[in-house]
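These notes concern the structure reproduced below.
Computation of the quantities below employed the complete heavy-atom set of this structure, encompassing side-chain atoms and omitting hydrogens, waters and symmetry-equivalent molecules. Small disclaimer: the values here were computed from a predicted structure and weren't measured.
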Amino acid sequence: MSELKNDRFLKALLREPVDVTPVWMMRQAGRYLPEYRATRARAGDFMALCRDADLACEVTLQPLERFDLDAAILFSDILTIPDAMGLGLYFETGEGPKFRKPVRTARDVDTLPIPDAASDLDYVMKAVSTIRSALGGRVPLIGFAGSPWTLATYMVEGGSSKDFRAIKRMLYAEPEVLHELLDKLADSVIDYLNRQIEAGAQAVQIFDTWGGVLSTHHYKKFSLHYMEKIIKGLITEHEGRTVPSILFTKNGDQWLELIADTGCYAAGLDWTAEIGEARSRVGYKIALQGNLDPSALYGSPETIRKEVSRILKSFGYGSGHVFNLGHGIALDTDPEHAKVFVDAVHELSEAYHNC
């Protein structure tokens, strides 16, 4: 593997000194880029794009050609594991992901296989190795997976949900069934992320998109517990370097101290959190990632720069901050505004590191 030319991102996750604050964007390879839309049209559909290593590599690299980003993230989907479990993943135009065979009963859970990531999800590993080779050490590559709770919400609901009625019914009426499902998913995610690391991922992120719909009591039992199990099962050293892990619970700021105790290297924050207050709560225990409101990119260049400046000032001096959006970039964002954002982070953060 090529020597890493830009390791700001990894250094910041380890709270080591950097020259400027590193930045990347969740969903940075996506529908807001016209070149992505063209590649997806060539692929035919979303999952065909994910399953073609060369095309997945192409779209992963597209934002790096436009923006001075400090990391690439694997182009894939969080629902690859449930798909490999045989649930029949498909995408309905305008409605998001759906499963032909949702998981609703104890028998459904009992018969659910734990996929072998190396064989059942080999197309993901091929994409990781292809992207890593194509990067040539330009920036680090991030691998990722959905959290067990978030994956379970899609599997039990049969797709996206606004009220999470089916999975919350299972949580209250048959908690032991849900725990069995979450345990299987945690084991699957451990294998999946470790295979990504072996294939070339240099950091990993767990997306707990729907952890924030739970009460504190249930967040601890049904989401955080299983993410902690994953963190403890991950490869932490590969190719002579530490492989940092990032845990991102949307709407999870109130549980920041609990997240820091899992053993992860960094916590992702959505835009509702005040990053300076978050830093004062966790000190030097973990790094923080975030947390510009993605909607800020609808603003003028001056507005975007002001928001970047405000967040940098809130975090303060020193390392331990990876700048990101508080969630994924919106599909109707002007790419030129994304460039303003990335450039502003590098330009305005230099003063916070040379002191």
### Query
Going by atom types only, do S319 and E16 share a side-chain donor-acceptor pair under 3.5 Å?
no

### Task
Begin with the C-alpha distance, continue with both residues' side-chain angles, and end with the deciding distance and a verdict on side-chain contact (heavy atoms from CB on, under 4.5 Å) for H327 and D293.
CA-CA 7 Å; H327 201 240; D293 184 345; over 6 Å; no

### Message
Is it the case that the ring center of Y226 lies less than 6.0 angstrom away from the ring center of W149?
### Response
no

### Query
Take atom CZ in R281; do more than 12 heavy atoms of anything else shown fall under 6.0 Å from it?
yes

### Query
To the nearest 0.5 Å, what is the distance between CD (E180) and CD (E174)?
11.0 Å

### Message
Within a 6.0 Å radius of atom NZ on K306, are there more than 12 heavy atoms belonging to other residues, nucleotides or ligands?
### Response
no

### Message
Rounded at 0.5 Å granularity, tell me how far CG in D122 sits from CG in D116.
### Response
9.5 Å

### Query
Is any side-chain N of the basic residue among E307 and R310 closer than 4.0 Å to the acidic one's carboxylate O?
yes

### Message
Could you check whether F323 and F341 have their ring centres less than 6.0 Å apart?
### Response
yes

### Polar side chain donor-acceptor pair, T150 to T153, under 3.5 angstrom
no

### Query
Are S147 and F207 side-chain neighbours, meaning at least one heavy-atom pair lies under 4.5 Å?
no

#### Entry: Atom NZ of K11: over 12 foreign heavy atoms under 6.0 Å
no

### Message
Ring centres under 6.0 Å, that's the criterion: do Y172 and H218 meet it?
### Response
yes

### Query
Going by atom types alone, do Y192 and T80 pair a side-chain donor with an acceptor below 3.5 Å?
yes

### Message
Please tell me whether D334 and Y32 have a donor and an acceptor in their side chains that are separated by less than 3.5 angstrom.
### Response
no

### Query
With respect to N291, which candidate in D253, D270, I311 satisfies the side-chain contact (heavy atoms from CB on, under 4.5 Å) definition?
I311

### Query
Is it the case that Q205 and Q289 place a side-chain donor and acceptor less than 3.5 Å from each other?
yes

### Query
How many angstroms lie between OG in S188 and CD1 in I114, if you round to the nearest 0.5 Å?
5.0 Å

### Task
Please check if the distance between the ring centroids of F46 and F75 is under 6.0 Å.
yes

### Query
V177 versus M170: any side-chain heavy-atom pair under 4.5 Å?
yes

### Message
Apply side-chain hydrogen bond (donor to acceptor under 3.5 Å, both in side chains) to residues T242 and Y265 and explain how you reach the verdict.
### Response
CA-CA 10 Å; T242 299; Y265 284 81; 4.9 Å; no

### Query
So do the side chains of H321 and I275 get within less than 4.5 Å of each other, counting heavy atoms only?
yes

### Query
Side chains of D77 and D83: closer than 4.5 Å at any heavy-atom pair?
no

### Query
Roughly how far, to the nearest 0.5 Å, is CE of M125 from OG1 of T130?
12.5 Å

### Task
Could you tell me whether the side chains of E274 and S314 share a donor-acceptor contact shorter than 3.5 Å?
yes

### Query
Side chains of T21 and H353: donor-acceptor distance under 3.5 Å anywhere?
yes

### Message
Check this for me: K232, atom NZ, are more than 12 non-hydrogen atoms of other residues, nucleotides or ligands nearer than 6.0 Å?
### Response
yes

#### Entry: Pair D108, T105: side-chain N/O donor-acceptor within cut-off below 3.5 Å
yes

### Query
Side chains of T216 and W255: donor-acceptor distance under 3.5 Å anywhere?
yes

### Message
Can you confirm whether more than 12 heavy atoms, excluding those of K126, are under 6.0 Å from its NZ atom?
### Response
no

### Task
Determine, for E198 against R195, whether the closest basic-nitrogen to carboxylate-oxygen distance falls under 4.0 angstrom.
yes

### Task
Check the pair L61 / R138 against side-chain contact (heavy atoms from CB on, under 4.5 Å), numbers first and verdict last.
CA-CA 11 Å; L61 299 184; R138 182 174 174 182; 5.6 Å; no

### Task
Flag yes if I259 and M227 sit in one hydrophobic cluster, no otherwise; membership is Ile, Leu, Val, Met, Phe, Trp, Tyr, and two members link when side-chain heavy atoms are under 4.5 Å apart.
yes

### Crowding at CD, E176 (>12 non-hydrogen neighbours, <6.0 Å)
yes

### Message
Salt bridge or not between D70 and R8? Use side-chain N to carboxylate O under 4.0 Å.
### Response
yes

### Task
For the pair W24 and F9, name the ring-plane relationship: parallel under 30°, tilted 30 to 60°, perpendicular over 60°.
perpendicular

### Task
Using a cut-off of 6.0 Å, state whether more than 12 heavy atoms not belonging to R51 lie near its atom CZ.
yes

## Note on the structure
Output for pair (L256 CG, L288 CG), nearest 0.5 Å, gives 6.0 Å

### Message
Applying side-chain contact (heavy atoms from CB on, under 4.5 Å) to M26 and I329, what does each step give before you reach the verdict?
### Response
CA-CA 6 Å; M26 289 185 275; I329 187 168; over 6 Å; no

### Task
Identify the heavy atoms of V128 and Q196 that sit nearest to each other, and give their distance.
CG1-O, 3.6 Å

### Euclidean distance, L292 CG relative to L325 CG, rounded to 0.5 Å
5.5 Å

